[in-house]
Protein chains: 2
Amino acid sequence: MTDKKENIIQAALELFASEGYNAVATSKIAKVAGVSEGLIFRHFENKKGLLDAIMQDAEIRISQVFAPILFELDPQKVIQKTLELPFSIEQKEYNFWKLQYKLKWEPEYHNPRKMKPVLDKLEWAFAELGYQNPPLEAELVIYILDSIAIAILREGLQSQLKFKSFLVSKYNS
Amino acid sequence: MTDKKENIIQAALELFASEGYNAVATSKIAKVAGVSEGLIFRHFENKKGLLDAIMQDAEIRISQVFAPILFELDPQKVIQKTLELPFSIEQKEYNFWKLQYKLKWEPEYHNPRKMKPVLDKLEWAFAELGYQNPPLEAELVIYILDSIAIAILREGLQSQLKFKSFLVSKYNS
DNA sequence: CAATAATGAGTGAGTACTTACAATCTGATT
DNA sequence: AATCAGATTGTAAGTACTCACTCATTATTG
């Protein structure tokens with residue numbers, strides 16, 4: 001990957017995340033990336049192709065975030081590590097996650113399969129710990145974390161830190 | 001309000017909710033509303049003014065949904081009624097709520113003040129019932145309901161009904 | 001000297017919005 | 001009832017502009 005191609009992806013990610021895909025002109029992406037507009041279309045088939053490339057990178061980064069949970073063998077720790085997920089988002093990755101959540105409303109890019117492995121692992125953990133309804137407990141945790149992640153992305157980590165210990169103690173059997 | 005003005009609002013609401021504000025052309029709104037494009041700009045200052053008008057209607061409808069909770073005096077019932085909120089969304093109001101959630105990412109239209117009265121009432125209810133951390137319990141409930149509402153809007157009521165009794169029993173002290 | 005990377009003015013389609021004009025409604029006066 | 005002026009509601013065809021995308025040309029590299 002050339003430097004300029006990477007510049008384009010970074011600029012597009014930043015602009016798509018803050019202003020939305022449709023609201024951002026390719027001319028603006030080129031300007032922010034310090035690149036000619038034509039170069040965008042040399043590297044990507046079209047504007048949507050650029051978005052697709054960004055979202056493809058996403059899959060890898062997301063699976064890397066989930067890995068430690070999937071390899072954990074202690075059910076209690078599975079739950080704790082999951083609960084701590086949204087609080088460990090790196091600031092420099094905020095744009096990336098903002099885009100993920102914004103695109104959840106576009107059916108084409110909303111892919112619940114991404115969460116499936118974590119959901120399954122959580123369900124297993126709740127079952128191990130003797131919870132009455134592991135599938136719903138697991139789904140509920142995902143729901144809570146989604147809302148907290150969104151709040152962090154919008155209002156900053158500080159505003160939501162209070163939930164970290166609150167949740168962990170709530171799920172400490 | 002004339003029939004055609006109402007047509008414009010309905011068409012715009014439907015299109016904004018399903019395709020997003022920026023992605024919808026005023027010419028398309030006019031077509032769906034069965035109206036000339038110019039009429040949009042007679043009734044509304046500009047495209048954004050049309051969105052504003054839609055969102056103003058929103059305030060009223062939202063406060064009507066919240067009213068029964070705010071007048072409730074039994075803390076246990078306050079919690080139960082709140083938990084049941086997302087399951088009582090009328091199908092014909094789906095577009096309206098979809099737009100509300102989509103616009104949450106636009107700072108201009110994301111207004112947490114709307115939820116404040118319910119949040120306060122919930123906090124009071126949890127305090128009455130002797131919960132250890134009423135403010136966080138209240139905020140957590142709102143988070144859960146947000147996620148469930150979004151899931152209902154995306155996947156339908158049926159897919160989430162399982163949570164109704166699950167949540168109510170979870171908060172039955 | 002190829003081959004590739006990069007440019008940026010140009011293109012047609014689509015955009016929000018305007019304008020000039022026509023139809024319809026309102027209600028006060030014959 | 002009939003009339004009709006003024007206001008309101010509506011239309012069709014623009015206007016200026018922005019957009020995603022192209023292409024002929026130029027720089028860079030191995």
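Chain A is the first sequence line, chain B the second, and so forth, proteins listed ahead of strands; every chain is numbered from 1.
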Can you check the [X] [atom1] to [N] [atom2] distance for me, whole Å?
X: A:L15; N: D:dC19; atom1: CG; atom2: C1'; value: 15 Å
X: A:K28; N: D:dC17; atom1: NZ; atom2: C1'; value: 17 Å
X: B:L39; N: D:dT8; atom1: CG; atom2: P; value: 15 Å
X: A:I29; N: D:dT18; atom1: CD1; atom2: P; value: 17 Å
X: A:E6; N: C:dA5; atom1: CD; atom2: P; value: 16 Å
X: A:I40; N: C:dA5; atom1: CD1; atom2: C1'; value: 15 Å
X: A:F44; N: D:dA20; atom1: CZ; atom2: P; value: 15 Å
X: B:I8; N: D:dT9; atom1: CD1; atom2: P; value: 11 Å

Check nucleotides 26-30 of chain D for protein N or O atoms closer than 3.5 Å to its own N or O atoms and list the pairs.
none

Aromatic A:Y21 / basic A:K47 pairing, under 6.0 angstrom, 45° off normal: yes

Going by distance alone, is a donor N or O of one side chain under 3.5 Å from an acceptor N or O of the other, for [X] and [Y]?
X: A:S27; Y: A:E37; result: no
X: B:Q80; Y: B:Q76; result: no
X: A:Q10; Y: A:E14; result: no

side-chain contact (heavy atoms from CB on, under 4.5 Å) assessment of A:T82 paired with A:K121: CA-CA 10 Å; A:T82 308; A:K121 189 82 182 191; over 6 Å; no

Sugar-phosphate only, base, or nothing, as touched by B:K5 at under 4.0 Å among non-hydrogen atoms: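 No contact.
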
A:H43 vs C:dA6: side-chain N/O to OP1/OP2 distance below 4.0 Å: yes

Atom pair CG (B:L83) and CG (B:L167), whose distance is rounded to the nearest 0.5 Å: 5.5 Å

Atom pair CD/CG of B:E59 and B:N111 - distance to nearest 0.5 Å: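 One gets 6.5 Å once the value is rounded to the nearest 0.5 Å.
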
Annotated protein contacts, base or backbone, on nucleotides 9-20 of chain C with a non-hydrogen cut-off under 4.0 Å, one of B, S, - each: ------SBBB-B

Any donor-acceptor N/O pair, B:K98 side chain to B:S18 backbone, under 3.5 Å: no

B:K28, NZ atom: more than 12 neighbouring heavy atoms under 6.0 Å: no

